[in-house]
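Keep in mind that this is a model prediction, so the values were computed, not measured.
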Amino acid sequence: GAGVSQSPSNKVTEKGKDVELRCDPISGHTALYWYRQSLGQGLEFLIYFQGNSAPDKSGLPSDRFSAERTGGSVSTLTIQRTQQEDSAVYLCASSFEPGQGKETQYFGPGTRLLVL
Amino acid sequence: DAKTTQPTSMDCAEGRAANLPCNHSTISGNEYVYWYRQIHSQGPQYIIHGLKNNETNEMASLIITEDRKSSTLILPHATLRDTAVYYCIVRVMEYGNKLVFGAGTILRVKS
């Protein structure tokens, strides 16, 4: 079946502009995660959605970052007033609801963001 | 989540088994061992996971020691396409438990 998809695959923007990154999780997956990977760095957790529960935003680096998930499916990560240090690969992952033995997270291909 | 220790890099000859070790001496009883890999410019790919017993799937085998303080991922017949960064992660399966990635092991498969 279809995996996690993300769009755009690449995004170049100017410092100070806002960007929106999209994630389509695997059908039936209720949990959705955003991570980012800066050049040469490990993966860093950003935010987590599970069903209708309040999201876990503990990994968001600043208030310029926000995310929403509409209808329990598609998610959008928004970065306002982008800075050069926001340049990274933004990765989305999804899984079935945790606690039911099917919590394996499957990742999308990522969106490569370059802020000039 | 418990901390893991992996070698920085390893080389393997094509067609031979690749054995990637991971130490997780502080693992607790309800933490699973997960392995992912990341091929250059791609998102992480799930490989395998286990709790206590050894596990095998179409990609790899996972051997967990009896005391669960270490494990080994085995790729039985490595190919050039297996060249990647391999991450060993221990985590509890519970609500909202994000994955914490370390530096991983860079596996280079050579012809």
Side-chain angles (χ1 to χ4, degrees), chain A residues 3-7 9-10 21 23-26 29-60 67 88-112, chain B residues 1-9 22 28-53 55-60 62 71 73 81 84-107:
Chain A
V4 177
S5 61
Q6 294 186 244
S7 61
S9 53
N10 293 281
L21 313 179
C23 172
D24 282 272
I26 293 172
H29 281 188
T30 58
L32 188 147
Y33 299 76
W34 283 97
Y35 297 82
R36 76 173 175 181
Q37 187 171 30
S38 302
L39 186 62
Q41 302 295 313
L43 281 87
E44 172 190 16
F45 165 77
L46 296 177
I47 189 169
Y48 161 73
F49 295 91
Q50 171 54 48
N52 295 321
S53 301
D56 175 357
K57 304 179 182 179
S58 60
L60 295 178
V89 177
Y90 288 82
L91 291 152
C92 177
S94 72
S95 75
F96 287 110
E97 180 176 354
Q100 301 192 354
K102 298 180 180 178
E103 293 87 352
T104 299
Q105 293 179 35
Y106 295 91
F107 284 80
T111 293
R112 283 152 191 78
Chain B
D1 293 331
K3 180 179 170 61
T4 62
T5 304
Q6 299 178 250
T8 302
S9 65
C22 180
S28 49
N30 60 347
E31 287 186 307
Y32 286 72
V33 180
Y34 271 78
W35 283 84
Y36 281 80
R37 72 180 182 184
Q38 189 171 26
I39 296 169
H40 182 61
S41 298
Q42 297 183 22
Q45 178 188 22
Y46 165 77
I47 302 174
I48 199 167
H49 75 280
L51 183 63
K52 292 187 289 187
N53 299 322
E55 302 287 344
T56 296
N57 63 21
E58 66 278 4
M59 288 183 67
L62 174 61
S71 61
L73 178 74
R81 286 174 295 181
V85 180
Y86 287 76
Y87 297 99
C88 170
I89 302 165
V90 295
R91 65 183 287 257
V92 177
M93 284 194 182
E94 66 182 20
Y95 177 86
N97 205 325
K98 67 252 188 191
L99 295 174
V100 178
F101 288 79
T105 296
I106 300 170
L107 175 68

Take A:Gln50 and A:Thr30 through the test side-chain hydrogen bond (donor to acceptor under 3.5 Å, both in side chains) and record every step on the way to the result. CA-CA 6 Å; A:Gln50 171 54 48; A:Thr30 58; 3.1 Å; yes
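Put simply, OG on B:Ser71 and OH on B:Tyr34 are 13.5 Å apart, with the number rounded to the nearest 0.5 Å.
A:Gln37 touches chain B through its side chain: at least one heavy atom from C-beta onward sits under 4.5 Å away, while N, CA, C and O do not. Within the 4.5 angstrom heavy-atom criterion, no atom of B:Gln45 approaches chain A. Contact of A:Leu43 with chain B is made through backbone and side chain together, with heavy-atom distances under 4.5 Å.
Side-chain atoms of B:Glu31 and B:Ser28 include a donor-acceptor pair closer than 3.5 Å.
Between B:Phe101 and A:Tyr35, the angle of the ring planes goes over 60°, which puts this pair in the perpendicular group of the 30/60° scheme.
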